[in-house]
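Computation of the quantities below employed the complete heavy-atom set of this structure, encompassing side-chain atoms and omitting hydrogens, waters and symmetry-equivalent molecules. Since the model is a prediction, treat every value here as computed from it, not as a measurement. In each ligand, atom 1 is the first atom listed, and ligand 1 is the first ligand listed.
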Amino acid sequence: KAKEKSCCSYVIFDRQEHPKDQSHIAIEPELINAIRRNEFELFYQPRIDIASGNIIGAEGLIRWRHPEKGLIYPDAFIPTAERTGLIVPIGYWVIQQAGQDLQRIAASGLSIERLSVNLSFRQFQDSYLCRTIQRLINKYTIDTSILEFELTESALFNNEVHVQEGIEELHTLGINFSLDDFGTGYSSFSLLQKLPISSLKIDRSFVSGVMTNTDDREIVKALIRLAHSLNKEIIAEGVETKQQLNFLSRYGCHQAQGYLYSKPIPYEEFVYLLEHGYQLKEESAATQ
Ligand code: C2E
Ligand code: MG
Ligand code: MG
Ligand code: MG
């Protein structure tokens with residue numbers, strides 16, 4: 001009973017839940033091999049403070065270095081990992097890799113304010129989630145004020161009490177939370193206010209339309225205003241042009257991520273950017 005009350009109560013995986021994902025089922029055994037053979041890599045996409053232009057941190061994004069097929073992107077295997085529950089060990093790999101890299105960043109005399117990784121709601125179904133994360137925090141002496149978990153609206157607002165309890169407990173460890181792909185799902189504003197979510201990430205689909213689509217422009221303005229009034233940090237994803245950046249800046253968006261600054265890159269390249277800075281895509285193109 002006490003165990004059920006604690007951090008993350010256990011729920012049995014329902015394999016029938018997402019029949020439309022069946023096409024991915026063939027890669028399940030390969031995914032198990034990938035975990036055993038340690039074929040994953042964590043790439044980093046810089047997160048920029050719009051006002052200063054400084055890199056304040058990064059989002060860690062998983063890639064699978066397949067021995068024959070080459071680099072495989074998360075959209076091709078995360079749905080299978082979620083459906084089968086393999087996202088639990090994969091998710092721990094991501095957090096331990098982020099912890100290890102944070103340690104290396106500190107050891108090279110550099111510092112970042114924020115490092116986020118994506119957390120799938122399925123990971124909350126592991127009753128050891130909080131204990132395991134606590135263990136990783138201790139192992140890599142992770143400063144939890146730097147660590148952020150990105151969650152999607154569906155994970156947060158489909159009334160899964162154990163997810164909300166898990167968030168609360170992880171928050172007591174000092175971990176930050178952000179709402180990913182904001183605007184694409186259903187948000188409960190009262191819950192958004194109640195849960196310890198410090199930042200909102202505007203989905204790329206809206207950002208990409210701000211210069212061409214009136215609806216997208218109004219939605220982005222409304223999302224920024226909402227973040228301001230809820231007193232939350234607001235981050236734009238998928239910023240690709242200087243015009244989009246100027247628009248976001250004008251309406252008070254705090255941070256940005258996107259190809260304008262950098263694609264997700266391997267750890268070594270990210271550290272290089274931390275040391276030497278970046279060049280805006282268009283500016284670098286103009287000087288060529
Ligand atoms: P996300 O968390 O919303 O990540 C943003 C995605 O947008 C990334 O795709 C990133 O490469 C891409 N992106 C960023 N800036 C731009 C841009 O300017 N233009 C364009 N066209 N794309 C941009 P990626 O790395 O393929 O990841 C896709 C999704 O897979 C992520 O969406 C996230 O939901 C999921 N994912 C990635 N890594 C993990 C992980 O470690 N665990 C879990 N559970 N999910 C992950
Ligand atoms: Mg994300
Ligand atoms: Mg996103
Ligand atoms: Mg996304």
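- Between the side chains of Glu148 and Ser178, a donor-acceptor pair is found at a separation under 3.5 Å.
- Each of the following atoms of ligand 1 lies closer than 4.0 Å to a heavy atom of Gln45: 14 (C), 15 (N).
- Close approach of ligand 1 to Asp75 (heavy-atom distance below 4.0 Å) involves ligand atoms 28 (C), 29 (C), 30 (O).
- Contacts with ligand 1 closer than 4.0 Å are made by no heavy atom of Leu260, backbone or side chain.
- In this structure, Leu195 and His171 have side chains that are not in contact, with every pair of non-hydrogen atoms separated by 4.5 Å or more.
- The minimum distance between the Mg ion (ligand 2) and any N, O or S atom of Asp180 involves atom OD2.
- Under 4.0 Å from ligand 1, not a single heavy atom of Ile90 appears.
- Any N or O atom pair closer than 3.5 Å counts here, and Gln123 shares no such pair with ligand 1.
- Residue Ser120 has at least one heavy-atom neighbour below 4.0 Å for each of these atoms of ligand 1: 44 (N).
- Using a cut-off of 2.8 Å, one finds that Glu237 contributes no N/O/S atom close to the Mg ion (ligand 2).
- Contact annotation: for Lys263 versus ligand 1, there are no heavy atoms closer than 4.0 Å.
- Not a single heavy atom of Lys201 sits under 4.0 Å from any atom of ligand 1.
- Taking backbone and side-chain atoms together, Asp203 has no N/O/S atom less than 2.8 Å away from the Mg ion (ligand 3).
- Dense packing is recorded around CG of Asn38, with more than 12 heavy atoms of other residues, nucleotides or ligands lying under 6.0 Å away.
- Distances from the Mg ion (ligand 3) show that Glu150 has no N/O/S atom below 2.8 Å.
- Not one N/O/S atom of Ser178, from backbone or side chain, sits under 2.8 Å from the Mg ion (ligand 2).
- Under 4.0 Å from ligand 1, not a single heavy atom of Val117 appears.
- Residue Leu230 is grouped with residue Phe182 when hydrophobic side chains (ILVMFWY) are merged at heavy-atom distances under 4.5 angstrom, including chains of intermediate members.
- Closest N/O/S atom of Asp181 to the Mg ion (ligand 3): OD1.
- At least one N/O/S atom of Glu59, from backbone or side chain, sits under 2.8 Å from the Mg ion (ligand 2).
- Looking at Glu233 and Arg47, a side-chain N of the basic residue comes within less than 4.0 Å of a carboxylate O on the acidic one, giving a salt bridge.
- Heavy atoms of Asn118 found under 4.0 angstrom from ligand 1 belong to the backbone as well as the side chain.
- Counting heavy atoms under 4.0 Å from ligand 1, residue Gln257 does not touch it at all.
- For an aromatic pair to be called close, the ring centres must be under 6.0 Å apart, and Phe270 with Tyr278 fails this.
- Applying the side chain to side chain contact (heavy atoms under 4.5 Å, CB included) test between Ile62 and each of Trp93, Tyr73, Phe43 identifies Trp93 as the sole match.
- Side-chain contact between Tyr44 and Leu115: present, with at least one pair of heavy atoms (C-beta onward) separated by less than 4.5 Å.
- In summary, Arg37 and Glu30 do not engage in a salt bridge, as defined by a charged side-chain N under 4.0 Å from a carboxylate O.
- Neither Tyr272 nor Ile48 shares a network with the other; the hydrophobic side chains, linked directly or stepwise wherever heavy atoms of I, L, V, M, F, W or Y lie under 4.5 Å apart, form separate groups for each.
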